[in-house]
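Just below is one structure, and these are the notes that go with it.
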Amino acid sequence: DFTYKGLDDPTWLADQHATKSLTSIAQILQVTQSTVTNAFNKHQLKVRNDRSEAQSQLVQFVNDLIPDVEVHTDCRRVISPYELDVYIPRFNLAIEYNGSIWHSEQWGSKSDTYHITKTERCADVGVQLIHVGEDEWLLTPNVVKSKLKLMVGVIDIHIDANECTVVPVDLGLASHFVVENELPNAPLHHTHSYGLLKDGILMMALNVCHQSDGQYQVLTMTTQLNTVVTGGTTKLFNHFINVHGPSGLVAYTNRRWDSVSTTYANLGFICVGNTPPECMYFNRRCHPYLYNINDSKFTSLIETFDPEL
């Protein structure tokens, strides 16, 4: 039997591990990663760090950002038996690096509830879990770093909204501002945009889409990288309401990045529920998020479509 022969052959295991992770070896042998780990322990083989280069960069960034703060890596004591890539007790904050392949259903054997389960398990013990997608770290590392810095209180620029002027923002400029300061694939179909201007520089922008009969949807509330504008959200929302007098306003928050925020509640929004995890596909290492995409649309976007995933 190839499986047991491989597990019982320390030379073969060592040769495979020279270029492959334990996860990859487990997939070759069609066993669990823990089975491979047990085989390595049995043969007293050294297990190298299985982190990807990108994940290692993220962990190093966190350690360099807060050198005097206790940071745990590969931590299983918070939501055992689940593992957290990074856990920072002082801030009740955990961070996961989600590789596109190994965190997928098809190749990573992750269920469609795997990530949300970890988020909710963390929330149950008062920990906010951030999921950093591979595309986010590779395509917009400065945005990821900016968001993480603010979460641990590292603020480069701090201004007050009273120092700023509210102005309507050209829709093209608003889109550029979002692309420069938001994670990949942020929505750009806004019909109205208002910003906070300080010394001729756009510091913050509220982008809203008019739907019908006085109904609007908040698409993005975007701030310059590494910047906090105290009172900015309230100032922009009040201006929008005074100008447009909406009969209804709906907003969504990304629970991968913002599972505990009270921003919308402080503005008077009422949480009506949680939507299930969105579908996403990736091609050539990038995966745009797809909202309200039906099966027929998927078939035209990807080469192989499995309706069961």
Side-chain angles (χ1 to χ4, degrees), residues 21-23 33 47-104 108 110 114-158 180-186 222-229 253-263 280 285-287 289:
S21 68
L22 296 192
T23 301
Q33 181 175 330
V47 178
R48 63 178 173 78
N49 190 333
D50 269 352
R51 291 181 191 148
S52 67
E53 180 181 354
Q55 182 178 340
S56 296
Q57 291 173 351
L58 176 59
V59 172
Q60 188 62 52
F61 169 74
V62 173
N63 283 315
D64 291 343
L65 183 63
I66 45 177
D68 299 323
V69 176
E70 182 181 17
V71 176
H72 299 272
T73 56
D74 306 323
C75 179
R76 291 184 181 271
R77 66 182 179 87
V78 179
I79 54 170
S80 178
Y82 293 102
E83 182 177 273
L84 299 172
D85 293 336
V86 177
Y87 172 52
I88 313 171
R90 179 186 295 185
F91 299 103
N92 292 320
L93 181 69
I95 305 169
E96 280 282 278
Y97 180 83
N98 295 342
S100 298
I101 293 178
W102 302 123
H103 279 258
S104 68
K110 300 294 189 293
Y114 174 79
H115 299 94
I116 191 61
T117 296
K118 294 181 77 169
T119 295
E120 292 175 342
R121 285 281 303 275
C122 280
D124 288 341
V125 293
V127 173
Q128 180 181 10
L129 175 58
I130 304 300
H131 293 271
V132 179
E134 178 180 357
D135 61 326
E136 294 169 337
W137 180 254
L138 296 180
L139 298 177
T140 56
N142 290 336
V143 177
V144 173
K145 291 176 181 179
S146 174
K147 289 180 176 291
L148 294 179
K149 287 169 68 175
L150 298 184
M151 289 177 181
V152 297
V154 178
I155 302 171
D156 295 346
I157 303 172
H158 192 174
E180 291 294 313
N181 296 283
E182 288 284 1
L183 297 168
N185 310 299
T222 305
T223 306
Q224 278 273 16
L225 296 184
N226 309 307
T227 300
V228 169
V229 183
T253 186
N254 185 345
R255 295 183 72 195
R256 291 191 310 107
W257 277 91
D258 191 10
S259 61
V260 299
S261 175
T262 59
T263 299
M280 63 180 71
R285 302 187 67 79
C286 298
H287 55 255
Y289 305 118

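FYI, the numbering just counts along the sequence from 1. Note that this is a predicted model, so its numbers are computed, not measured. Note: hydrogens, waters and symmetry copies are ignored here, and every other heavy atom, side chains too, is used.
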Problem set entry | CA sep, side-chain torsions, deciding dist, call: V144, F61, side-chain contact (heavy atoms from CB on, under 4.5 Å) | CA-CA 11 Å; V144 173; F61 169 74; over 6 Å; no

Problem set entry | Candidate pair M151 and I130, rule side-chain contact (heavy atoms from CB on, under 4.5 Å), full reasoning | CA-CA 10 Å; M151 289 177 181; I130 304 300; 3.5 Å; yes

Problem set entry | Full working for side-chain contact (heavy atoms from CB on, under 4.5 Å) between V86 and L58 | CA-CA 9 Å; V86 177; L58 176 59; 5.8 Å; no

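Rounded to the nearest 0.5 angstrom, T140 OG1 and D135 CG are separated by 7.0 Å. Between I88 atom CD1 and N63 atom CG the span is 8.5 Å, to the nearest 0.5 Å. T223 OG1 to L150 CG: the interatomic distance, rounded to the nearest 0.5 Å, is 8.5 Å. The structure places OH of Y87 at 6.0 Å from CG of N92, a figure rounded to the nearest 0.5 Å.
A heavy-atom distance below 4.5 Å is found between the side chains of H115 and N98. The side-chain heavy atoms of K118 and L84, taken from C-beta on, include a pair separated by under 4.5 Å. Looking at K147 and E136, their side chains never come closer than 4.5 Å, going by heavy atoms from C-beta outward. Within the 4.5 Å cutoff, the side chain of W257 has heavy atoms near those of the L148 side chain.
Here the shortest heavy-atom pairing between S80 and R121 reads O-NH2, 2.9 Å. Heavy-atom minimum distance, L93 versus V152: CD2-CG1, 4.0 Å. When all heavy atoms are compared, the tightest approach of L139 to P141 is C-CD, 3.4 Å. In plain terms, the two heavy atoms of R256 and G133 that are nearest each other are NH1-N, 3.9 Å.
The one candidate from R255, Q128, H131 that meets the side chain to side chain donor-acceptor pair (under 3.5 Å) condition with T119 is H131.
Scored by the salt bridge (charged side-chain N to carboxylate O under 4.0 Å, His left out) test, R76 finds E83 as partners (sequence neighbours excluded). In this view, K149 and D156 satisfy the salt bridge (charged side-chain N to carboxylate O under 4.0 Å, His left out) rule, not counting sequence neighbours. Applying the side-chain contact (heavy atoms from CB on, under 4.5 Å) test to S146 and every residue at least two apart in sequence or in another chain returns L225, N226.
In this structure, the side chain of R90 does not engage the main chain of V71 through any donor-acceptor pair within 3.5 Å. Checking side-chain atoms of E96 against main-chain N and O of D85 turns up a donor-acceptor pair under 3.5 Å.
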